[in-house]
Undergrad: 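The structure follows.
Whatever order the structure lists ligands and atoms in, that order sets their numbers, starting from 1. These numbers come from the heavy atoms of this one structure, side chains and all, not from hydrogens, waters or symmetry mates.
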Amino acid sequence: MCGIVGYVGHSDGRVNAGHNALDVVLEGLRRLEYRGYDSAGIAVVADGTISSRKKSGKLNNLISELEARPLPESLTGIGHTRWATHGGPTDQNAHPHLADGGKLALIHNGIIENFAELKQELLAKGVTFQSETDTEVAAALLGDIYRNQLGGDAAKGGLTRAMQLACQRLEGAFTLLAVHADQPDVVVAARRNSPLVVGLGEGENFLGSDVSGFIDYTRRAVELGQDQIVTITADAVDITDFYGAPAQGKEYEVNWDPASAEKGGFPSFMEKEIHDQPDAVLQTLLGRSDIHGKLTLDELRIDPQLLKTVDKIIVLACGTSAYAGQVAKYAIENWCRIPTEVELSHEFRYRDPIVDENTLIVSISQSGETMDTLMAVRYAKEQGAKTVSICNTNGSTIPRESDAVLYTHAGPEIAVASTKAFLAQITAAYLLGLYLAQLRGNKFQGEIKDILADLGKIPAKIQRILDNEAQIKELGQSMADAKSVLFLGRHVGFPVAMEGALKLKELAYIHAEGFAAGELKHGPIALIEEGQPVFVVVPSPRGRDSLHAKVVSNIQEVRARGAKTIVIAEEGDEAVKAYAEHVFYIPETPTLLAPLLATVPLQIFALALASAKGYDVDQPRNLAKSVTVE
Ligand code: M6R
């Protein structure tokens, strides 16, 4: 999703002042690359004019353009990485977009929903457009207000007032940053439904989609509220609402180290993040229970009495986070006996769901900015539901708007494909389930303590899988020519199978599907032909009922039709060997907790196969890390 950076510095030689805007903005854009993008651009104000450059493709294309056509030194600049929505990823559609005869430049993250109507209005006034974007319409509107309504008069509020008036007309989701040649030491920004953070420097100030945009310069940040406008100069940060009334942001100290966002010696962020998983699970478990094994989820601000009245849970999430939700459903229903549904956020509010004050909404989002999930949570709140957010990004929108939050502590996840956040989400969902069971008396304290003890052993078990990754890596590399891979699982193995398939689709761009193993005979088995690779997530033979035996039968069904079976099984399960071309063993663990282990080999497999194909595993094509449009 689009990344945004803004900068204003001093020219009088004060502390920290005088950075060249181009350097600051480019560095910020580099740090925001993880958000995913398909073009980039930058504008600076110097010598009474706006100078801008923009290019489709990765930042290196923009840098080559800047080498060929350098920008002047400047103390004020804005920069953007674009993830295409309206109009393809072309040079023309890249941001910034210019208006007011080239004196104003604007960048934007989000979608202006009423852009078509505004465009007609502006066309009728004789405005011409160079791109297909909604952003250029916003730029033209801002330019028109600045020039024709305010007469370009600083005494009438200048760019800040123009931004307020423009925002009153815009519908949808947007973060906007604008600079104007008439006000060379100012960046004005607006925020509705899309993220924006201010970075406070000394003799300089910053703007970013998130703190990564300026983390190299300052740790002091101000989180903007909904529908706010901020005007930054080198010395001041002024916040108002869309109508000009003074407003306040929330200042905080950024407590993560920029080094933690680096690759730590691995060839990719994704590989590093897979290896971060023992710690991600550990950190998520830490400090959540007392020495007697009693869960103390202090951050859950919902009145425990209210949680006791919950008669239904709906988990809302998208993509990998939704698979974490599927795992949560098995655990929560088993431990708490509360009916639990899992729904893709974007499907939820359009089907008139049955939600009331006894419904607990559990949203799961790594970024905390996924627009589909945010909108679904807002809808549920309007219906009176209580909302808990499981989230990895401190201070992001979804937890801020929820009644309560359970942060995962996986650390920043940079690779677009989610790995450590997934395991941390599942861990947090288990904690929530156990907490509800404790509160409602569904489980004895001793039982909860035992499950927490089993969870406590998980990080070391993940580490054991990682220590033996060579075998699965080798298999991934050897299958670089595969055209299609299927994944089967039952019970909690089903969401694991779907996650395994999603990782392969995302990273290696090959057909992959995850199925409930029992569903195979109802149709998908027709896909099986000689040599078809099929991964099977086999439950523990020590587990419940005849689950293990049923899955072994499913393996036999596909093998009989020529499938090449690759099995993830529990250590000691010698029986499966007879039915598999390859077996990868994971340490013993209770069935409900097994997804925290069984997922890991599938992540490594997808990473190895995609790397063997020469693909960029950190930034797969067409994908964005944080999907902030519906
Ligand atoms: O930030 P979120 O967890 O809300 O993101 C949800 C999905 O967009 C995300 O999990 C996506 O499916 C990833 N690409 C998975 O690797």
Undergrad: Closest heavy-atom contact between Met270 and Leu507?
TA: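 Closest approach of Met270 to Leu507, heavy atoms only: CE-CD1, 3.3 Å.
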
Undergrad: Is it true that Lys503 lies under 4.0 Å from ligand 1, counting heavy atoms only?
TA: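 Flag set, Lys503 near ligand 1.
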
Undergrad: Do any nitrogen or oxygen atoms of Lys625 lie less than 3.5 angstrom from nitrogen or oxygen atoms of ligand 1?
TA: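 Among all N and O atoms of Lys625, none is under 3.5 Å from an N or O of ligand 1.
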
Undergrad: Can you list the ligand 1 atoms lying under 4.0 Å from a non-hydrogen atom of Thr370?
TA: 1 (O), 2 (P), 4 (O), 5 (O)

Undergrad: Could you walk me through whether Ser212 and Asp210 pass the side-chain hydrogen bond (donor to acceptor under 3.5 Å, both in side chains) test, one step at a time?
TA: CA-CA 5 Å; Ser212 317; Asp210 62 51; 2.7 Å; yes

Undergrad: Considering Ser321, Ser626, Ser418, Ala624, which one's heavy-atom position lies nearest to atom 16 (O) of ligand 1?
TA: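 Minimum heavy-atom distance to atom 16 (O) of ligand 1 goes to Ser418.
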
Undergrad: May I ask you to check if Arg191 and Phe174 form a cation-pi contact, with NZ or CZ under 6.0 angstrom from the six-membered ring centre and within 45° of the axis?
TA: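 No, cation not above the ring by the 6.0 Å, 45° rule.
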
Undergrad: Are the side chains of Ile586 and Lys461 in contact, using a 4.5 Å heavy-atom criterion?
TA: no

Undergrad: Tell me if the centroids of the rings in Phe422 and Tyr323 come within less than 6.0 Å of each other.
TA: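 When the ring centroids of Phe422 and Tyr323 are compared, they turn out to be at least 6.0 Å apart.
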
Undergrad: Quick one: do the Thr135 and His95 side chains pair a donor with an acceptor below 3.5 Å?
TA: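 Indeed, the side chains of Thr135 and His95 share at least one donor-acceptor pair under 3.5 Å.
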
Undergrad: Do Phe535 and Phe605 have their ring centres less than 6.0 Å from each other?
TA: yes

Undergrad: Which of the numbered atoms in ligand 1 are below 4.0 angstrom from a heavy atom of Ser367?
TA: 1 (O), 2 (P), 4 (O)

Undergrad: Within ligand 1, which atoms have a heavy atom of Gln366 less than 4.0 Å away?
TA: 1 (O), 2 (P), 3 (O), 4 (O)

Undergrad: Tell me which one of Leu374, Val627, Thr320, Leu502 gets a heavy atom nearest to atom 9 (C) of ligand 1.
TA: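 The residue whose heavy atom sits nearest atom 9 (C) of ligand 1 is Thr320.
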
Undergrad: Could you establish whether Val416 and ligand 1 come within less than 4.0 Å of each other, counting only heavy atoms on the residue side?
TA: yes

Undergrad: Is it the case that ligand 1 has an N or O less than 3.5 angstrom from some N or O of Thr373?
TA: no

Undergrad: If only atom types and distance count, is the side chain of Glu413 paired as donor or acceptor with the main-chain N or O of Thr419 below 3.5 Å?
TA: yes

Undergrad: Could you tell me whether ligand 1 has any atom less than 4.0 Å away from a heavy atom of Cys318?
TA: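 Flag set, Cys318 near ligand 1.
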
Undergrad: Which of the atoms of ligand 1 are close to Glu506, meaning less than 4.0 Å from one of its heavy atoms?
TA: 13 (C), 14 (N), 15 (C), 16 (O)

Undergrad: Can you name the atoms of ligand 1, numbered from 1 with element, that are less than 4.0 Å from a heavy atom of Ser365?
TA: 1 (O), 2 (P), 3 (O), 4 (O)

